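The block underneath contains the structure these notes are about, expressed in structure tokens.
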Amino acid sequence: MATERYSFSLTTFSPSGKLVQIEYALAAVAAGAPAVGIKAKDGVVLATEKKHKSILVEEHSIIKVEVVTDHIGMVYSGMGPDYRVLVKQARKVAQQYSRMYQEPIPTTQLVQRLAAIMQEYTQSGGVRPFGVSLLICGWDADRPYLFQCDPSGAYFPWKATAMGKNFINGKTFLEKRYTEDLELDDAVHTAILTLKESFEGQMSGDNIEVGVCSSKGFRRLTPAEVQDYLANIA
Amino acid sequence: MARGTSAGFDRHITIFSPEGRLYQVEYAFKAINQEGLTSVACKGEDTAVCVTQKKVPDKLLDASTVTHMYQLTPNLGCVMTGMQGDSRYQVLVAQHEANNFRYRHRYDMPINDLCRRMADINQVYTQNAEMRPLGCSMILIGYDDELGPCVYKTDPAGYYCGHRACSAGVKQTEANSFLEKKFRKKTNYGKDETIQLAITCLMTVLSADFKPNEVEVAVVSKDDPKFRTMTESEIDTHLTAIAERD
């Protein structure tokens, strides 16, 4: 199928020293659906909006909060197709690690490797950067982790963060609400409230997705469980 | 904010524009309408159907060789909308992928897996500058023994998802509005109802009464899960039923 690659990178420096393709990729991320991550004492929660443009679309044919390993999960803001590529890569990287070292991949290792892949696409020939920012959460060594990976290949550990549309408002909201001794349940509650700030319409178990990570591992909440949390909000 | 473009190439190859858009992908969507055709697919309780126009522009053409419906596995098929060359290529790749899967795993590739695989391949063209996105959209229909009747659609952006009903081509927006109205009221259509709904949708948005040789229909259902295109006489039966209903 492919062919002669471009032998030069398309992401080049502007006179002011910026890599504009990466800036544009971040613009694509900021136009994407909101995603939120919050670290609690005993776990991490990821949540995202999953609005469909039409009632003809099957809500549950597409999954945004994806499982990478038993104890690591991720979600994104930005371009869906690019995200799928990174989910595949993440899963492969995790499997390769566990095959070589005979133990589950530590979250920090996965994040470093995935971010390196994202960086490659900003410097290799004939490709554009990924148009997604990832939120990766995991539990290992008896503590929770939450990381953000950007199209540039940079990664940041967060206590709580928001990405996508209205992320500035989301982060301001989280700055006010976040405390160090949040429990997982409260964190889920806060994550849903953060999404609600920018949500147009009625939230339900079918148009938001929530994933939780704890010592028991990472799992996605069922629509019914999400609905229960929503019922507890005024 | 960076002023100007990235040397003006963001419209020529798949790199980001200042607003974070991919112009080449957006243009690929426009290319789907080049042929001037529309396709519709929908599913009911036990049946999935896809319908498309059959325009034979020249009397000298052999009409039996003009088709947009292709079988991918025994129980899975697709309707292609858009540039014909790109469509045929994408079908070839899909058939190859499905066959490879069958060889490796000893069972037929499920429809959602095949659609996801085709979408992932489409995504590669949106990220590599040396290849352009394909100017065609693939709508797959199949009867899955776990998921029931399925309609999946993928597009040049690499996006895919499952639908209750969908359309592609020139009259896509009108067809989707029509289908939304119908599916808002009811979703569990019977076999004949599903087929007639798809045909009626196409007839309504094109404001045309079809003759059996102007439309192609393919169907899969619970009692007949093999993907097959209907013969002209079967199509005629449904067209007559539609005319009598009105």
Side-chain angles (χ1 to χ4, degrees), chain A residues 1-32 50 52-64 78-89 121-122 124-132 151, chain B residues 1-7 9-10 13-22 25 41-43 89 93 112 115-116 119-131 147 150-167 175-177 179-184 187:
Chain A
M1 221 196 297
T3 67
E4 331 289 318
R5 289 208 108 167
Y6 276 41
S7 56
F8 52 91
S9 173
L10 299 167
T11 309
T12 52
F13 286 110
S14 73
S16 56
K18 288 197 286 193
L19 290 167
V20 279
Q21 275 296 298
I22 296 177
E23 312 246 331
Y24 300 163
L26 286 165
V29 171
K50 193 176 68 168
H52 288 290
K53 286 166 275 184
S54 159
I55 55 157
L56 296 173
V57 172
E58 292 264 31
E59 295 95 357
H60 303 290
S61 65
I62 296 310
I63 298 171
K64 290 178 84 170
M79 302 167 72
D82 287 8
Y83 174 65
R84 286 203 313 271
V85 173
L86 290 168
V87 169
K88 246 181 165 175
Q89 306 258 34
Y121 279 74
T122 68
S124 302
V127 289
R128 59 163 176 82
F130 285 99
V132 289
Chain B
M1 187 63 188
R3 64 147 74 170
T5 61
S6 22
F9 286 107
D10 51 0
I13 51 177
T14 38
I15 54 175
F16 283 115
S17 77
E19 310 88 47
R21 292 159 63 179
L22 294 172
V25 175
C42 61
K43 69 175 187 187
Y89 174 69
V93 172
N112 55 338
C115 195
R116 186 175 181 135
D120 284 347
I121 294 172
N122 281 346
Q123 189 279 341
V124 174
Y125 303 142
T126 72
Q127 203 170 15
N128 291 62
E130 59 266 17
M131 299 176 277
L147 303 165
C150 293
V151 173
Y152 275 82
K153 179 173 169 209
T154 180
D155 59 29
Y159 178 74
Y160 85 104
C161 81
H163 293 264
R164 292 192 190 87
C166 63
S167 65
N176 278 337
S177 312
L179 292 165
E180 273 179 33
K181 272 197 224 109
K182 292 283 172 182
F183 276 81
R184 207 165 298 213
T187 54

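Note: hydrogens, waters and symmetry copies are ignored here, and every other heavy atom, side chains too, is used. Note that this is a predicted model, so its numbers are computed, not measured. By convention in this document, chain letters (A, B, ...) are assigned in the order of the sequence lines, proteins followed by strands, and residues within each chain are numbered from 1.
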Side chain, backbone, both or neither: which part of [X] has a non-hydrogen atom closer than 4.5 Å to chain A?
X	answer
B:L147	neither
B:T187	neither
B:N112	neither
B:Y152	side chain
B:N176	both

Residue pair [X] / [Y], side-chain heavy-atom distance below 4.5 Å:
X	Y	answer
A:P151	A:L26	yes
A:T122	A:L19	no
B:T14	B:Y125	no
B:R164	B:V151	no
A:M79	B:L22	yes

Please state whether the side chain, the backbone, both or neither of [X] comes within less than 4.5 Å of a heavy atom of chain B.
X	answer
A:I55	both
A:Y121	side chain
A:A31	neither
A:V85	side chain
A:S54	both
A:H52	side chain

Between B:Q127, B:H163, B:R184, which shows the greatest number of heavy-atom pairs under 4.5 Å with chain A? B:Q127
Max heavy-atom pairs within cutoff under 4.5 Å with chain A, candidates B:R116, B:E180, B:R21, goes to B:E180
If you take all heavy atoms of A:R84 and B:G158, which pair is closest and at what distance? NH2-O, 2.7 Å
Taking every heavy-atom pair that is under 4.5 Å apart, which of A:A25, A:G80, A:G78 has the most such pairs with chain B? A:A25
How long is the span from the CZ atom in A:R128 to the CD atom in A:Q21, to the nearest 0.5 Å? 9.0 Å
If only atom types and distance count, is the side chain of B:K153 paired as donor or acceptor with the main-chain N or O of B:S167 below 3.5 Å? yes
B:K182, NZ: over 12 other non-hydrogen atoms inside 6.0 angstrom: no
